[in-house]
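First the structure, in the form of structure tokens, and then the observations on it.
Below, each value reflects all heavy atoms present in this structure, side chains not excepted, and no hydrogens, waters or symmetry copies. For this chain, numbers begin at 1 and follow the sequence in order. In this text the structure is predicted, and so the values were computed from the model without any measurement.
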Amino acid sequence: MKKEFVLMLIMLAGLPAFTQVLSPVPSRLQKVAASVPNPGDEPVMPLARPDFTVHSDATLEATIGATKYDRQTNRSIQERLYYYPDGKMGAAWIMGQQEPAYNDRGTGYNYFDGASWDAVPLQRLETVRTGWPCYAPRGASGEMIVAHRNATSSLVKMTRSQKGTGAWTFSEIAGPAGSSGIEWPQMITAGTDNLTVHLLAVTGPTETGGQLYQGMDGALVYYRSFDGGETWDKAGEMFPQITASEYYGINGDEYSWGTPHGDTVYFVIGGNWTDTFIMVSYDNGDNWNKIPILSNSMTLVPPNTVTEKFACSDGSLAVEMDKNGVFHVAFGRMFAKGEEDGQKYYPYVDGLVYWNSNMPMLNDSLDPDTLESHGQLLGYVYSNEAGDTVVATPSYGIGLTSYPQITIDENNHLYVMWCGLTVGYVSGDEYNYRHLYLRGSKDQGQSWGEPVDLNGSIIYIYREFVYPCMAKNTSGDALHFIYQTSDQPGSAVADEEIPAHDNTIEYRNVLKSEIIPVGIPSPAGRGGMTVSQNYPNPFTEVSRFEVNMTTSSPVSIRIANMMGQVVRILEAGVLSPGTHTFTLEAAGLAPGVYSYTVTGGEVVYTRRMVIRE
């Protein structure tokens with residue numbers, strides 16, 4: 001039996017409605033363009049002992065490292081934290097104290113023995129200048145780190161047979177013949193013994209002192225080893241889908257591995273001047289397939305060429321495959337353009353884009369309302385009750401909402417972390433701070449819990465939180481991550497307007513129940529009711545959704561704004577089995593983003609809707 005209900009819902013007096021879909025960025029800032037940063041690399045210098053002070057205000061965190069060198073990545077975050085099944089952890093990051101050249105730059109490392117972290121390290125692991133470390137388990141109980149030196153050098157590989165103790169063994173991984181060298185590695189290990197190594201790197205581009213390779217100004221190359229990196233059966237091979245015929249060049253860190261599933265190995269790639277897509281191999285790296293996500297018409301346009309403004313990924317991406325074989329991707333939304341003096345990007349573009357492989361390709365406009373209506377706008381800069389707006393942001397080379405991380409736990413629950421600009425409190429030099437946010441899904445991205453500001457407490461309001469790295473393995477009840485924090489917004493390495501300052505590397509964990517509340521059933525327990533997405537969405541006057549009941553149950557509907565404030569309620573009474581249509585009316589609600597939560601017995605569904613002017 002099919003029934004239709006018009007939601008003449010009760011207005012709750014005194015509750016303001018959320019009126020912004022995206023961040024309240026002043027119009028004077030929305031068209032600001034900045035040069036695309038491309039970091040250089042100084043010659044290797046002898047090891048020097050750093051001098052620093054350690055800062056940690058909160059008891060919830062553990063300070064594991066310190067650095068003045070404050071650019072942990074160009075775009076995507078390397079794998080730098082691993083949670084072992086025995087509860088121990090290893091972590092790596094870039095450290096350096098001797099600004100401005102940072103000749104002491106190298107790999108910072110710390111180890112958690114199940115009870116506590118080691119002391120904050122006073123020196124890098126290497127005796128030469130390195131950067132961009134990747135950390136992974138190796139063998140039955142060992143560990144491995146790969147870092148780069150510069151555009152004309154090999155990568156540095158560090159291994160030891162027992163995690164947390166013993167001397168490191170150092171060796172090099174050379175670039176392909178004919179290249180100047182390789183930079184910006186991304187590395188993972190796989191297999192039951194963690195001896196299968198998959199490694200990506202970029203040949204040194206001309207801007208950092210390298211040279212063209214196979215016609216590309218920065219070519220993405222692949223390495224594979226079955227013995228923990230002792231030998232490589234694939235060394236510096238290019239992908240047939242990523243050549244000079246398709247791309248002018250690949251920028252550093254615009255690619256990121258996901259967790260391998262048996263012989264299924266995959267990574268995501270995308271940037272300002274690159275298509276966004278997944279590369280997947282179902283035979284452990286022998287052959288590769290391309291799964292397109294977002295097209296980019298500027299892939300073969302060289303620098304110093306004038307172009308129109310266009311939408312793209314900001315190059316900071318994450319990907320994970322769930323237990324059903326579905327790929328989940330998140331990346332920062334961006335606009336870019338070419339000018340005579342170089343490639344430009346727009347630092348005040350907002351929005352964290354979500355996509356999975358059950359969805360069609362993204363529209364290349366990346367229109368935020370369209371993304372929201374399809375459940376593909378996962379995060380953005382949130383308004384507050386005071387109505388504060390974005391004041392200013394220093395350059396990180398990414399958008400206002402970016403640096404995503406994805407973890408899928410043993411229950412196939414999906415968790416996405418990101419770094420986002422936060423309105424309200426500003427620094428003495430009048431920059432907004434960035435916080436870390438987490439959001440979870442129990443139904444593999446069909447619906448999402450509310451975003452959680454991990455730094456919403458008053459103890460964090462004058463601190464910057466960036467470069468999150470979330471462990472792909474979880475404990476039974478918690479997610480684990482590290483990040484960089486400071487009382488100074490911005491990176492002095494990335495932005496010459498920012499002074500050099502002390503930063504700490506901190507570890508934190510958060511209970512999964514804080515992200516996906518206990519009591520909300522998994523999809524397997526939702527047999528009594530299903531709720532469709534409203535259509536049309538966005539809408540200006542009227543929209544509809546359906547509730548399908550397989551058993552009789554009392555049903556209630558609540559509409560909330562993005563502050564979480566309930567603005568309308570309907571007690572629909574006991575609904576009989578069958579399909580029931582509900583009509584949403586925009587009258588009385590300000591334009592903006594809302595959620596409607598349908599509760600039927602113990603079953604709860606939350607969907608998003610957008611009201612336009």
Glu571 atom CD, neighbour heavy-atom count above 12 within 6.0 Å: yes
His374 NE2: over 12 foreign heavy atoms closer than 6.0 Å: no
Trace of the side chain to side chain contact (heavy atoms under 4.5 Å, CB included) decision for Thr422 with Tyr437: CA-CA 10 Å; Thr422 304; Tyr437 294 83; 3.0 Å; yes
Could you pull out the closest heavy-atom pair between [X] and [Y], with the gap in Å?
X	Y	value
Tyr255	Ser76	O-CB, 3.7 Å
Asn412	Gln444	O-NE2, 2.9 Å
Ser552	Ser576	OG-CA, 3.7 Å
Val555	Gly600	CG2-CA, 4.2 Å
Gly270	Leu317	O-CD1, 3.5 Å
His328	Val326	CD2-O, 3.3 Å

Ion pair Lys472/Glu79, N-O distance below 4.0 Å: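 Salt bridge between Lys472 and Glu79, a charged N being under 4.0 Å from a carboxylate O: yes.
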Charged N-O contact under 4.0 Å between Lys512 and Asp409: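 Answer for the salt bridge query: yes.
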Please report whether the ring centroid of [Y] lies less than 6.0 Å from that of [X].
X	Y	result
Tyr462	Tyr425	yes
Phe465	Tyr483	yes
Tyr403	Trp418	no
Tyr82	Tyr84	yes
Tyr596	Phe545	yes
Phe327	Tyr266	yes

Output yes when a side-chain donor or acceptor of [X] lies under 3.5 Å from a complementary backbone atom of [Y], and no otherwise.
X	Y	value
Asn432	Val391	yes
Ser383	Gly387	no
Asn455	Leu436	yes
Gln186	Asp253	no
Glu320	Thr259	yes
Arg463	Gln488	no

How about [X] and [Y]: do any of their side-chain heavy atoms sit closer than 4.5 Å?
X	Y	answer
Leu438	Leu479	yes
Arg333	Asp314	no
Tyr467	Gln78	no
Leu414	Ile406	yes
Val566	Ile559	no
Tyr282	Asp263	no
Phe277	Ile291	no
Ile64	Trp93	yes

Side chain to side chain contact (heavy atoms under 4.5 Å, CB included) evaluation trace for Ile505 with Gln72: CA-CA 10 Å; Ile505 306 299; Gln72 294 296 326; 4.1 Å; yes
Rounded to the nearest 0.5 Å, what separates atom [atom1] in [X] from atom [atom2] in [Y]?
X	Y	atom1	atom2	result
Thr597	Ile557	OG1	CD1	10.0 Å
Lys323	Asn411	NZ	CG	8.0 Å
Thr407	Met470	OG1	CE	3.5 Å

Would you say [Y] and [X] are linked by a side-chain donor-acceptor pair, where the criterion is simply a distance under 3.5 Å?
X	Y	result
Ser475	His480	yes
Asn356	Tyr354	yes
Ser365	Asp367	no
Asp275	Ser295	no
Ser313	Arg75	no

Lys309 to Tyr346 six-membered ring, cation-pi geometry met (6.0 Å, 45°):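 Output yes; distance and angle both within limits.
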Charged tip of Lys88 within 45° of Phe112 ring normal and under 6.0 Å: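 No, Lys88 and Phe112 do not form such a contact.
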Test side chain to side chain contact (heavy atoms under 4.5 Å, CB included) applied to Phe481 and Leu454, step by step: CA-CA 12 Å; Phe481 55 98; Leu454 298 174; 3.8 Å; yes
Ser532 vs Arg544, side chain to side chain donor-acceptor pair (under 3.5 Å): CA-CA, chis, key distance, verdict: CA-CA 9 Å; Ser532 70; Arg544 292 178 175 80; over 6 Å; no
Criterion side chain to side chain contact (heavy atoms under 4.5 Å, CB included) on Leu378 and Val353, from CA distance to verdict: CA-CA 6 Å; Leu378 197 57; Val353 180; over 6 Å; no
